[in-house]
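Just below is one structure, and these are the notes that go with it.
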Amino acid sequence: HEEKLIFELGRSGQCGVDLEEVTVSDDRLGGLRRKGAIGLPGLSEPEVVRHYVRLSQQNYSIDAGLYPLGSCTMKHNPRLNEKMARLPGFGDLHPLAPASASQGALELISELAKWLTTLTGMPAVAMSPKAGAHGELCGLLAIRAAVEARGEKRLRVLVPESAHGTNPATAAFAGFTVEEVKATPEGRVDLDDLRIKLGPDVAAFMLTNPNTCGLFERDIITIAEMVHDAGGYFYCDGANYNAIAGRVRPGDLGVDAMHINLHKTFSTPHGGGGPGAGPVVLSERLAAFAPLPLLVADKDGLRLIETREGLPGGAKPFGRMSAFHGQMGMFVRALSYMLSHGRDGIRQASEDAVLSANYVLASLKDVMSAPFEGPCMHEALFDDTWLKDTGVTTLDFAKAMIDEGYHPMTMYFPLVVHGAMLIEPTESESKESVDSFIHVLKTMALEAKAGQTERFDGAPRLAPRRRLDETAASRKPVLKWKEG
Amino acid sequence: HEEKLIFELGRSGQCGVDLEEVTVSDDRLGGLRRKGAIGLPGLSEPEVVRHYVRLSQQNYSIDAGLYPLGSCTMKHNPRLNEKMARLPGFGDLHPLAPASASQGALELISELAKWLTTLTGMPAVAMSPKAGAHGELCGLLAIRAAVEARGEKRLRVLVPESAHGTNPATAAFAGFTVEEVKATPEGRVDLDDLRIKLGPDVAAFMLTNPNTCGLFERDIITIAEMVHDAGGYFYCDGANYNAIAGRVRPGDLGVDAMHINLHKTFSTPHGGGGPGAGPVVLSERLAAFAPLPLLVADKDGLRLIETREGLPGGAKPFGRMSAFHGQMGMFVRALSYMLSHGRDGIRQASEDAVLSANYVLASLKDVMSAPFEGPCMHEALFDDTWLKDTGVTTLDFAKAMIDEGYHPMTMYFPLVVHGAMLIEPTESESKESVDSFIHVLKTMALEAKAGQTERFDGAPRLAPRRRLDETAASRKPVLKWKEG
Amino acid sequence: MRYLPLTKADRAAMLETIGVVSVDALFKDVPKAAEVPVSAFDLPDHQGELAVERKLAAMAAKSTASGAVPSFLGAGAYKHHVPAAVDHLIQRSEFLTSYTPYQPEISQGTLQVLFEFQTQVAMLTGMDVANASLYDGSTGTAEAVLMAQRVTKRGKAILSGGLHPQYAETVETVANLHGSVLRAPAIPGAEEDLASLVDDQTACVVVQTPDVFGLLRGLKNIAEAVHSKGALLIVVVTEVVSLGLLESPGAQGADIVVCEGQSLGNGLNFGGPYVGLFATREKYVRQMPGRLCGQTVDAEGRRGFVLTLSTREQHIRRDKATSNICTNSGLCALAFTIHLSLLGEGGFTRLAAINHQRATTLVDKLLTVPGVSLVTSTFFNEFTLRLPKPAAEVVEALAAKGILAGVPASRLAPADRDQRDLLIVAATETNTDEDIDAFVTALKEVL
Amino acid sequence: MRYLPLTKADRAAMLETIGVVSVDALFKDVPKAAEVPVSAFDLPDHQGELAVERKLAAMAAKSTASGAVPSFLGAGAYKHHVPAAVDHLIQRSEFLTSYTPYQPEISQGTLQVLFEFQTQVAMLTGMDVANASLYDGSTGTAEAVLMAQRVTKRGKAILSGGLHPQYAETVETVANLHGSVLRAPAIPGAEEDLASLVDDQTACVVVQTPDVFGLLRGLKNIAEAVHSKGALLIVVVTEVVSLGLLESPGAQGADIVVCEGQSLGNGLNFGGPYVGLFATREKYVRQMPGRLCGQTVDAEGRRGFVLTLSTREQHIRRDKATSNICTNSGLCALAFTIHLSLLGEGGFTRLAAINHQRATTLVDKLLTVPGVSLVTSTFFNEFTLRLPKPAAEVVEALAAKGILAGVPASRLAPADRDQRDLLIVAATETNTDEDIDAFVTALKEVL
């Protein structure tokens with residue numbers, strides 16, 4: 001079925017809402033009344049509902065199957081959290097309602113902040129960043145402000161070569177120059193290279209831990225000390241926090257700032273690409289520089305400090321990440337998740353995530369090839385050595401998984417591994433589900449190696465679409481519908 | 001994908017809820033504590049959610065496509081109605097809460113009753129029947145009580161041969177013997193035959209109008225008079241009320257009782273086979289016999305009379321259809337639908353339903369064959385004359401529609417038409433949608449007649465299952481899962 | 001008119017294809033005298049969503065939701081916590097807006113759910129087979145009596161005095177048409193001697209456990225007595241959660257078991273829609289009312305499910321059908337099945353234990369109130385108290401204090417003076433210690 | 001632990017396959033000193049759904065929902081009626097629980113929605129192209145300024161005094177890193193002379209309309225001035241519904257248009273998540289931040305959609321990317337698109353007219369209150385009043401009477417003494433005549 005665009009389905013004179021026609025005068029419009037039509041199509045409610053139901057049916061989802069995207073943490077999204085986020089006292093509360101009318105919401109933010117700081121062992125948290133990359137920016141701006149407060153000028157940021165693209169992008173966005181630190185053959189930070197590159201002009205070292213190869217950085221405490229000794233700050237990318245939450249406190253590792261992807265570790269739904277939320281926990285050294293707004297408690301209850309007027313003692317906010325107070329809807333979901341799991345459940349979830357990934361690694365490492373020695377953390381990394389001479393690429397293999405009812409794993413990331421395949425089953429999968437997945441991958445791998453490559457050729461075949469021409473799309477971009 | 005049964009997926013020690021383990025003593029259990037295990041499987045929440053999401057994906061639905069089931073009225077189910085039914089004052093209200101705590105719910109029932117009686121032009125309505133067939137039963141029991149109150153004995157009920165199976169089944173259920181009245185070649189009640197069969201032992205004539213051939217009974221007023229003249233009551237099956245609501249009042253036609261399928265005309269969702277709701281409107285002659293509970297208003301507000309104690313003057317309820325007060329959840333949805341449409345919208349909906357059916361009839365009658373002259377009401381009836389000698393049956397044709405993305409139409413009903421195909425597009429379909437449907441049927445019909453019958457052979461092929469062996473299922477019924 | 005996709009232009013084009021000038025021409029078979037203008041209806045015109053929502057929300061606000069106050073109402077409908085996943089899943093378009101699964105190739109979702117439901121119901125009740133649900137417990141009980149009349153070819157149905165009076169009235173309304181109904185008088189807190197009423201004209205005896213007063217009824221003796229006369233024992237359970245703690249009716253000799261399934265997956269809804277569970281022994285399967293889902297294979301040999309044994313049903317058998325029912329309570333059955341799947345063996349038995357423990361705690365505290373005594377020595381999550389004054393007055397007085405205290409027995413049986421001071425009280429996992437204390441305190445105040 | 005499917009037995013079997021004796025062995029790379037026992041966390045253990053729901057519901061009950069009282073709050077977030085179908089559809093598993101559509105073969109649903117969204121945004125804003133959404137209006141504005149700095153290779157950004165102060169602060173936080181930001185002082189109710197501030201170092205001028213006080217800003221003059229200096233005009237719209245009644249920024253010469261899209265499809269949510277709309281001229285497309293969805297064909301020639309121009313993005317370009325953003329506000333954009341599809345041209349323009357009419361009615365009634373004057377001679381659905389006493393005090397006094405009267409300008413700009421008595425008031429289609437009368441009456445009482 002080819003579902004048309006709403007612009008092709010709609011027609012003038014039709015409408016999916018019933019609103020009265022009112023006549024308004026021009027008196028208070030300053031001559032700015034719209035002259036032409038907008039061009040929006042008209043559709044009745046039944047047509048709109050069917051259109052979007054049909055479109056949804058062309059999507060894969062975690063509710064319908066295992067979603068083994070390494071570094072994305074596609075775990076179960078409890079519906080309780082959706083229900084809680086829709087409580088009118090949260091979902092229908094205006095961000096500029098008086099503090100007296102907002103106590104419940106402020107209490108929720110306060111409670112979530114307590115969970116985040118307690119779990120991470122860090123003294124402070126900036127709640128307002130709206131996604132992981134936004135959290136990185138927040139952390140780097142706090143570092144920048146701290147460096148400036150010390151009267152120093154440090155304009156370099158170091159990142160490992162295996163880093164997520166957001167790390168260098170954010171550092172550049174925050175006005176730093178970026179330099180890469182090499183990886184060892186064991187897939188971890190090369191301490192010698194780090195030592196060479198650290199210096200009085202380095203503001204921060206950004207490290208994902210567990211790292212993007214799915215490994216825990218064994219020398220992390222040494223790394224933190226090296227960075228601190230050089231006068232820099234240690235930024236930890238919390239993308240992989242799901243492996244260690246409830247068991248390891250980043251604060252104990254010497255981390256100065258770490259963003260937490262609530263949509264990964266704490267299961268707010270990915271929603272087809274957002275919204276996320278990326279609160280940043282901060283060390284004692286950075287806490288004072290947290291951005292506005294600040295949440296404080298006094299005798300009248302909780303209140304927000306939203307401007308530089310009336311700051312509490314010592315606060316030196318570097319600025320503001322966005323209007324209002326952050327992703328409240330995601331906060332409610334995350335707290336609902338945390339309360340449900342409890343400290344014991346969060347720890348168990350981390351352990352199960354790691355257990356599942358190692359189970360996948362152990363079960364597949366003989367038919368596929370793993371570039372690094374295990375154990376891994378919550379994701380299992382393979383390279384494409386084992387596909388050599390088969391004519392099958394990582395891409396082919398991943399796309400063929402679609403025909404078996406699975407979303408592909410993360411491919412070609414991290415960049416340090418050739419033809420990388422990064423598999424993260426998460427703690428939400430049953431053993432039976434993981435076993436089926438392993439069985440399918442094993443079967444496919446053996447076929448590929450045996451030269452039975454038909455299924456890989458131009459896969460997928462059973463999806464709503466065959467492979468799409470991405471080159472044509474970017475060569476001559478068609479970014480909106482045009483009549484005719 | 002073959003989705004296992006929960007019993008095959010689950011395992012002991014797993015659970016999808018977190019409930020504390022409490023120890024209870026036997027003191028107040030009278031020695032009746034359960035000894036053995038029940039045998040239920042254990043599954044975590046993610047597994048349960050995925051299981052039912054995957055199962056749902058094997059279903060067709062009105063949200064995803066046109067559902068042309070004649071006599072079933074598969075129309076759009078507005079989500080507003082779902083939201084309204086979940087308002088705590090309706091959805092979380094106990095049926096035996098004190099009247100003082102139930103005023104809002106009683107007001108809703110009262111308001112819905114007003115809409116139903118006003119639209120039908122009937123003085124009273126019994127709200128408690130839980131589905132259409134239950135409403136028929138309610139109507140016949142009221143008739144039975146009225147006959148008995150007159151000191152008469154009338155044990156026959158007449159139904160047309162084209163009637164829904166529920167009509168004779170209900171009449172028998174209510175203790176009547178059933179006799180069929182013939183149809184004319186024009187697909188309507190044979191008045192001569194009716195006249196012959198009416199008599200002093202006939203309690204009621206049951207007629208669907210518009211009838212099951214999709215036609216309005218032109219002589220309905222005469223029919224009512226004939227029945228009344230013979231001392232009987234005129235029961236109208238309201239299954240097809242969707243064609244005339246807001247335009248014709250059954251009360252004006254001489255009807256004594258008519259059930260209204262809220263899940264058809266007033267769009268409460270079919271839910272894969274229920275729940276429905278079947279309030280019965282009653283004429284002056286039957287109103288006194290309406291079953292308990294009765295809703296009355298007095299100085300303290302609204303209240304229910306639930307037992308024979310304290311009946312209002314003249315009330316002679318024949319009994320009780322069910323515990324409590326009927327399908328409240330459906331009442332809310334239906335009233336939400338009515339308020340949204342208004343009297344003008346309900347009329348327009350009827351007109352559009354009739355228009356669409358006639359459009360289908362006009363567009364297909366040259367390639368398929370229609371047994372009766374139009375215009376039809378809200379459903380278009382075809383027979384299988386046009387399939388003669390093609391080797392394709394009504395069943396084949398209907399099943400092949402599945403491969404084109406459509407639910408089949410109603411088949412082999414009404415029984416008076418050979419190989420019947422009854423198509424009801426409803427008012428919820430856009431012209432474009434109906435045009436696509438017509439185009440597909442026309443293409444298929446031309447192929448069938450041209451001898452291109454491959455697609456019909458063993459259709460469907462693209463559905464989650466091929467044709468299922470119903471004979472085997474009923475010969476040796478397997479009605480539950482068994483271990484191993 | 002947001003729900004109607006046809007535009008004026010569409011209508012004109014369609015009329016042209018049909019070959020008539022106006023839609024009125026399509027109604028030509030309607031007698032002119034019977035057509036009325038829209039103004040004939042004293043009802044409002046169409047309204048936007050916001051207006052409808054305001055009106056209905058204002059109405060709903062005039063009732064007291066069970067979740068809004070301490071609430072101890074039972075007597076056939078129970079407030080339980082339903083996991084959020086249940087309501088989410090039943091609202092999926094593919095479940096909510098699909099029809100009866102007559103076309104199995106594109107209805108395996110609904111059908112497999114029904115097969116799972118039937119299996120769960122058979123397990124809970126301890127019976128061989130179950131159907132795909134009936135409207136509710138009360139109509140299911142009536143169907144059970146009619147089925148017993150068919151099976152035994154006898155007319156007399158004996159109803160225990162502990163059967164919920166509204167169930168008994170529902171049974172009487174239809175079973176008297178095909179035989180006779182004998183209702184034993186209610187003896188709150190005690191088992192009546194039903195065995196002595198059974199004779200060789202008896203089709204069935206109907207016993208509810210826990211009974212309407214909350215008393216647990218042992219079934220083995222009555223089963224023996226009934227079977228010795230060739231009659232059937234019908235057991236009714238209005239609180240299905242009790243089956244997590246108590247012996248199943250099937251294990252005690254029941255021939256037909258009917259339950260109200262509302263407690264699992266479904267809200268109170270002021271009495272409906274609910275879901276009737278109906279289970280029986282294998283040998284009676286072809287006499288069962290209602291839909292049945294059965295397992296089979298498709299043309300490629302894959303397991304699949306279909307509606308089966310439809311030769312019992314009205315659309316085939318017409319006036320010879322086993323029942324006139326052609327609807328089940330599909331979506332409510334789905335909710336039941338999902339909730340029970342989430343619970344599983346462990347969760348369901350723990351839930352039952354918690355319910356009993358809550359009721360026990362409540363009883364013990366209420367019995368500290370002077371003048372209050374316990375009528376039901378055994379109970380699951382519901383029991384009956386004798387109060388020192390009419391229970392209906394007490395309930396009203398407590399409602400004014402924001403407590404829904406229970407159901408006065410007089411509401412169900414106003415003619416029975418002996419029941420005037422009896423209050424039927426239920427507790428579930430949703431009742432907190434604070435709820436219980438508030439009840440006890442308020443009761444002391446009003447007595 | 002209802003969300004964790006592994007049982008003890010599963011874990012043991014998996015450990016055996018891996019070849020280790022306990023899960024601790026899998027954490028062997030973690031320094032021992034850094035591992036803490038679960039007791040190290042001063043937090044509760046896991047809880048059931050009912051307990052969590054009780055706790056969060058009790059918390060939520062301590063806030064005043066906008067729908068619960070007459071509410072006139074705006075200043076960047078607006079209470080509108082969202083049709084029930086929107087929330088139903090966005091909760092479908094396939095939208096809610098899917099990832100970014102990097103695998104287009106199994107993500108056409110999300111992708112086509114984004115393509116529709118981009119088209120709608122381009123239409124509303126009168127621009128050539130739009131992206132697939134950003135976090136919200138404020139961060140979108142910051143991105144727009146950075147983009148202007150990239151496009152013009154100049155550093156200076158001039159912000160109108162009518163720009164929402166929290167937007168201005170968001171811009172300053174990042175744009176100062178790559179240039180300088182000049183904020184014009186706010187002159188409530190009037191347009192400042194921005195043109196005179198533009199020089200050949202200027203990258204862009206940012207104007208909000210309706211501005212934070214509700215005043216409508218004409219853009220043609222400033223567009224001309226800005227373009228004559230080779231700079232870009234960035235237009236910010238915080239109330240996207242205004243575009244149904246007012247001329248689009250694109251038609252008035254804007255180069256980049258940023259809107260907060262919350263008003264359509266999305267709830268107030270105490271400030272987030274919201275959805276930023278971002279549109280620009282064709283020639284700047286490769287300098288845009290954020291995801292873009294483009295049309296293409298699949299291997300069989302069928303139309304399909306993919307994420308495109310990703311060479312701008314961080315996962316390819318790393319530190320050379322146009323932005324560090326790798327998330328859009330997908331589900332909020334979906335809600336926006338569904339709501340706008342339901343509205344269509346007719347519904348959207350009627351909605352805008354109703355909003356203006358509501359605000360006009362409210363203004364006229366409020367101006368009957370002694371001492372109250374109107375600061376903004378033009379407005380859409382929001383305006384600013386001067387009160388005879390500090391607005392923050394009045395707001396608190398009215399809140400105590402159950403009316404959320406508006407946003408005191410001093411909350412956004414406490415340092416500006418001139419704004420102390422200014423109250424920013426919004427009205428939408430959700431405000432009834434009764435709401436308005438209650439506000440007017442209460443205001444008379446507190447002044």
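The shortest distance between side-chain heavy atoms of A/V248 and D/V36 does not fall below 4.5 Å. Contact of the A/L29 side chain with the D/L246 side chain is registered, since non-hydrogen atoms from C-beta on lie closer than 4.5 Å. Side-chain contact between A/L335 and D/L56: present, with at least one pair of heavy atoms (C-beta onward) separated by less than 4.5 Å. With contacts defined as side-chain heavy-atom distances shorter than 4.5 Å, the pair A/F324/D/Q166 qualifies. Under the 4.5 Å side-chain criterion, counting only non-hydrogen atoms from C-beta, D/L309 is in contact with A/P477. Proximity of D/D29 to A/L215: side-chain heavy atoms (C-beta onward) are nowhere separated by under 4.5 Å. Between A/R466 and D/R302 there is a side-chain heavy-atom pair separated by less than 4.5 Å. Using a 4.5 Å heavy-atom cutoff, the side chains of A/R34 and D/S248 are in contact.
For chain D, the nearby parts of A/S336 are the backbone and the side chain; heavy atoms of each come within less than 4.5 Å. At a 4.5 Å heavy-atom cutoff, the contact between A/V24 and chain D is made by side-chain atoms alone. With a 4.5 angstrom heavy-atom cutoff, D/E396 touches chain A only via side-chain atoms. Using a 4.5 Å cut-off between heavy atoms, D/A85 touches chain A through its side chain atoms alone. Looking at D/L340, only its side chain comes within 4.5 Å of chain A, counting heavy atoms on both sides. Contact annotation for A/L141: only side-chain heavy atoms (C-beta onward) come within less than 4.5 Å of a heavy atom of chain D. With a threshold of 4.5 angstrom between heavy atoms, A/F413 does not approach chain D through any atom at all. Contacts between D/I18 and chain A at a heavy-atom distance below 4.5 Å involve backbone atoms as well as side-chain atoms. Only the backbone of D/S377 comes within contact range of chain A, judged by heavy atoms closer than 4.5 Å. Looking at A/F90, both its backbone and its side chain come within 4.5 Å of chain D, counting heavy atoms on both sides. Only the side chain of A/E309 comes within less than 4.5 Å of a heavy atom of chain D; its backbone N, CA, C and O stay farther away. Of the two parts of A/A105, the backbone and the side chain both hold a non-hydrogen atom closer than 4.5 Å to a non-hydrogen atom of chain D. For chain D, the nearby parts of A/D92 are the backbone and the side chain; heavy atoms of each come within less than 4.5 Å. Only the side chain of A/H76 comes within contact range of chain D, with at least one heavy atom under 4.5 Å from a heavy atom of that chain. For A/P41, the part sitting under 4.5 Å from any heavy atom of chain D is the backbone (N, CA, C, O) and nothing else. Contact of A/S356 with chain D is made through backbone and side chain together, with heavy-atom distances under 4.5 Å. In this structure, the portions of D/V38 lying under 4.5 Å from any heavy atom of chain A include both its backbone and its side chain. If you measure heavy-atom distances from A/A37 to chain D, the contacts under 4.5 Å come from both the backbone and the side chain. When heavy atoms are compared at a cutoff of 4.5 Å, D/A40 approaches chain A by way of both its backbone and its side chain.
Note that the CZ atom of A/R347 and the CE atom of D/M1 stand 10.5 Å from one another [nearest 0.5 Å]. Annotation: the span from D/Y99 atom OH to A/H270 atom NE2 amounts to 5.5 Å, rounded to 0.5 Å. The line from OG of D/S341 to CD1 of A/I6 is 3.0 Å long, rounded to the nearest 0.5 Å. Here the straight-line distance linking atom OG of D/S329 with atom NZ of A/K130 works out to 7.5 Å at 0.5 Å rounding. To the nearest 0.5 Å, atoms CD (D/Q120) and CZ (A/F7) are separated by 5.0 Å. Interatomic distance, D/L216 CG to A/L32 CG, rounded to the nearest 0.5 Å: 6.0 Å.
When only modelled atom types and interatomic distance are considered, D/Q103 and A/K399 share a side-chain donor-acceptor pair under 3.5 Å. Between A/H51 and D/E116, the side chains place a donor N or O and an acceptor N or O closer than 3.5 Å (distance only, hydrogens not considered). Side chains of A/Q348 and D/Y3: a donor-acceptor N/O pair is absent below 3.5 angstrom, by distance only. Side-chain atoms of A/S340 and D/R2 include a donor-acceptor pair closer than 3.5 Å.
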Practice problem: Determine, stepwise, if the pair D/L243 / A/I38 fulfils side-chain contact (heavy atoms from CB on, under 4.5 Å). | Solution: CA-CA 9 Å; D/L243 296 173; A/I38 301 165; 6.0 Å; no
Self-check item: Verdict with reasoning, D/S98 to A/Y67, per side-chain contact (heavy atoms from CB on, under 4.5 Å)
Solution: CA-CA 9 Å; D/S98 60; A/Y67 221 126; 4.0 Å; yes
Practice problem: Test side-chain contact (heavy atoms from CB on, under 4.5 Å) on D/I354 and A/L19 and set out the steps. | Solution: CA-CA 8 Å; D/I354 291 169; A/L19 291 172; 4.0 Å; yes
Quiz item: Can you check side-chain hydrogen bond (donor to acceptor under 3.5 Å, both in side chains) on D/T97 and A/N77, steps first, answer last?
Solution: CA-CA 7 Å; D/T97 76; A/N77 299 140; 4.8 Å; no
Exercise. Would you check, one step at a time, whether the test salt bridge (Lys or Arg N to Asp or Glu O under 4.0 Å) holds for D/E53 with A/K83?
Key: CA-CA 9 Å; D/E53 197 166 335; A/K83 187 176 175 189; 2.9 Å; yes
Exercise. Take A/L479 and D/V285, measure what side-chain contact (heavy atoms from CB on, under 4.5 Å) needs, and give me the verdict at the end.
Key: CA-CA 10 Å; A/L479 304 176; D/V285 64; 3.5 Å; yes
Practice problem: Would you please test D/E247 and A/R33 for salt bridge (Lys or Arg N to Asp or Glu O under 4.0 Å) and show each step? | Solution: CA-CA 5 Å; D/E247 194 56 275; A/R33 189 193 281 259; over 6 Å; no
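Here D/D298 does not pair with A/R467 in a salt bridge; the nearest charged N to carboxylate O distance is not below 4.0 Å. Looking at D/R11 and A/E351, no side-chain N of the basic residue comes within less than 4.0 Å of a carboxylate O on the acidic one, giving no salt bridge. A salt bridge links D/R411 with A/E306: the closest approach of a Lys/Arg side-chain nitrogen to an acidic carboxylate oxygen falls below 4.0 angstrom. Under a 4.0 Å N-O distance rule, the pair A/E111/D/K55 qualifies as a salt bridge. Contact check on D/D87 versus A/R86 returns a salt bridge, with a Lys/Arg side-chain nitrogen under 4.0 Å from an Asp/Glu carboxylate oxygen. Using a 4.0 Å cut-off between charged side-chain N and carboxylate O, D/R350 and A/E20 make no salt bridge. No salt bridge links D/E105 with A/R465; every basic N to acidic carboxylate O contact stays at or beyond 4.0 Å.
Each of D/T139, D/V395, D/T349 has some count of heavy-atom pairs under 4.5 Å with chain A, and the biggest count is that of D/T139. Between chain D and the options A/V49, A/I402, A/D252, A/N358, the largest number of non-hydrogen pairs under 4.5 Å is found for A/N358. Taking chain D as the reference chain and counting heavy-atom pairs below 4.5 Å, the highest number among A/G276, A/A101, A/G36, A/G132 is found for A/A101.
Within the cation-pi definition used here (under 6.0 Å to the ring centroid, within 45° of the axis), D/R92 does not qualify as a partner of A/Y52.
Proximity of a side-chain donor or acceptor of D/N269 to a complementary backbone N or O of A/Q327 within less than 3.5 Å is not detected.
Between D/Y135 and A/H134, the ring centre distance stays below 6.0 Å.
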